[in-house]
Amino acid sequence: MKIAPVEQLFTLFNETALVLQEELSCTYLEALAETGENLFHGSILQDEVSEITEKRLNKQYQEINLDNFTKEEIRKAYQLVILKGMKENVQPNHQMTPDSVGMLLSYLVDKFIAQSSFRLLDPAIGTGNLVTTVLNQLQKNVQLIGIEIDDLLIKLAYVNANLQEHPIELFNQDSLEPLFIDPVDAVIADLPVGYYPNDVRALDYKLKAEKGHSYAHHLFMEQSVRHTKRGGYLFFIIPNGLFESDQAHQLRDFFKDEIIIQGVLQLPISMFKNKMAAKSILILQKKGEGVVAPKQALLANLPNLSSAVEMDNILKKIDKWFQDNKR
């Protein structure tokens, strides 16, 4: 029986990562990053491995030619081994964005951004799964910048991008510290939700809390708007209760001054463990010369994303909205 390409790659990533985990006495995810580097470079980069292990790994790597796999097959296999590693060694505050949401975001980015070449920022890139899902669907030239504070996650993102041959400029830093990047045409982010512990740094933001800790997701939005060109678009995955929190009035005032809400698409509740964890996609546009608000924002409660018929109806509704509002 023929083995599916994703399963073939998963087996290779998993087996070689387990070998390196034991040999290097490191975590599974660290070993996964190491084996991904080896596969990309076509050689064993770890000096600590024994000669027997080196021969064993080389034999396994040589059985796979990445040129025979699509970018999506590589991404899916890599995502599955990362998910396995995260179950064993839970990464705090990091959950991978579901593929179906990434696919929907790529559709929205394609619809809203007319130019064939643009700069895209993900200020919370994590392992790079969301942005590479989007990039793999777009037939456009995208210059991507990714920022991630976690050393391990950014290494996984770096290997992920290399294996899929996506050129990504990565910065290993706190996204809420000053960013030394040129303004971008668009931002995409699955926002980290919670409090930002650095109260001194938060003072630099309009959306700082009036007392106590500020919300990190609010500050991420403000930082993203700062680094977006006038007229640029921002696509955020947000908690459904974003505008119901004790700091929501500040957010509303900031939006009034800086951006236009183009749409809110509520993701199906069934995707989440409970109603309190449910999220939506928020589509914003930074104000600027010639930027006009839509007659009516695009609002929709999304059905089960795996239901082809229901999703087709929603996509028709979105197309109709574009015809009415984006002439």
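Residue numbers start at 1 and run along the sequence shown. Worth knowing before you read on, the calculation uses all heavy atoms, side chains too, and leaves out hydrogens, waters and symmetry mates.
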Report the C-alpha separation of E34 and K155 in whole Å, then their side-chain angles, then the decisive distance to 0.1 Å, and conclude whether the salt bridge (charged side-chain N to carboxylate O under 4.0 Å, His left out) test is met. CA-CA 9 Å; E34 295 294 333; K155 185 164 186 186; 2.8 Å; yes
How close do A124 and D190 get, heavy atom to heavy atom, and via which atoms? CB-O, 4.2 Å
Under 3.5 Å side-chain donor-acceptor pair for H166 and N136: yes
Output, in order, the C-alpha distance, side-chain angles, deciding distance and verdict of salt bridge (charged side-chain N to carboxylate O under 4.0 Å, His left out) for D204 and R226. CA-CA 12 Å; D204 191 41; R226 282 182 187 178; 3.4 Å; yes
Roughly how far, to the nearest 0.5 Å, is CZ of R252 from CG of L242? 9.0 Å
How far does NE2 of H217 sit from CG of L207, to the nearest 0.5 angstrom? 10.5 Å
With no hydrogens and no angle check, do the side chains of E37 and N162 hold a donor and an acceptor under 3.5 Å apart? no
Could you tell me whether the side chain of Q8 reaches within less than 4.5 Å of the side chain of I64, counting heavy atoms only? yes
Heavy-atom side-chain proximity of L120 to Q143 below 4.5 angstrom: no
Output for pair (T127 OG1, L153 CG), nearest 0.5 Å, gives 7.0 Å
Is M311 close to L104 at the side-chain level, that is, under 4.5 Å between some pair of heavy atoms? yes
So, T228 versus Y233: side-chain donor-acceptor pair below 3.5 Å or not? no
Distance only, no hydrogens: is a donor on one side chain within 3.5 Å (strictly under) of an acceptor on the other, for D99 and Q79? yes
Short N-O contact, R201 and E177, less than 4.0 angstrom: yes
Looking at L299, L298, V101, which hits side chain to side chain contact (heavy atoms under 4.5 Å, CB included) with L265? L298
For the backbone of S214 and the side chain of Y205, can you confirm whether one donor and one acceptor N or O come within less than 3.5 Å of each other? no
Hey, what do you get for CD1 (I147) to CD (Q173), rounding to the nearest 0.5 Å? 5.5 Å
Evaluate the ring planes of Y78 and F13, with Trp represented by its six-membered ring, and classify them as parallel (under 30°), tilted (30 to 60°) or perpendicular (over 60°). perpendicular
Answer yes if the side chains of Q223 and H218 hold a donor-acceptor pair under 3.5 Å, and no otherwise. no
Is there a side-chain contact between L156 and L32, using heavy atoms and a 4.5 Å cut-off? yes
Non-hydrogen side-chain atoms of V225 and F254 separated by less than 4.5 Å: yes
What's the separation between atom CG in L57 and atom CD in E54, rounded to the nearest 0.5 Å? 8.0 Å
Side chain to side chain contact (heavy atoms under 4.5 Å, CB included) with M221: which of L191, L234, I259? L191
pair K206-E222: side-chain heavy atoms closer than 4.5 Å: yes
Quick one about Y28 and N14 (side-chain donor to acceptor, distance below 3.5 Å, no hydrogens or angles considered), yes or no? yes
Within a strict 4.5 Å, meaning less than it, do heavy atoms of the V159 and F40 side chains meet? no
Aromatic ring proximity, centroids under 6.0 angstrom, Y215 and Y195: yes
How about F243 and F255: are their ring centres within less than 6.0 Å of each other? yes
Pair N172, Y158 - check side chain to side chain donor-acceptor pair (under 3.5 Å), show working. CA-CA 11 Å; N172 186 193; Y158 164 75; over 6 Å; no
Can you list the steps and then say if D110 with Q139 is a side chain to side chain donor-acceptor pair (under 3.5 Å)? CA-CA 9 Å; D110 195 39; Q139 302 300 310; over 6 Å; no
is_close_aromatic(F112, F322), centroid dist under 6.0 Å: yes
cation_pi(R75, F69) dist<6.0 Å, angle<=45: no
L203 atom CG: more than 12 heavy-atom contacts under 6.0 Å: yes
Show the numbers, then the answer: is there a salt bridge (charged side-chain N to carboxylate O under 4.0 Å, His left out) between R119 and D185? CA-CA 5 Å; R119 283 167 54 80; D185 301 290; 5.5 Å; no
Would you kindly say whether Q323 and D319 are connected by a side-chain donor-acceptor distance under 3.5 Å? no
Side-chain contact, heavy-atom cut-off 4.5 Å: E23 with S50? yes
Let me confirm one number: the CG-CG distance from L267 to N304, rounded to the nearest 0.5 Å. 11.5 Å
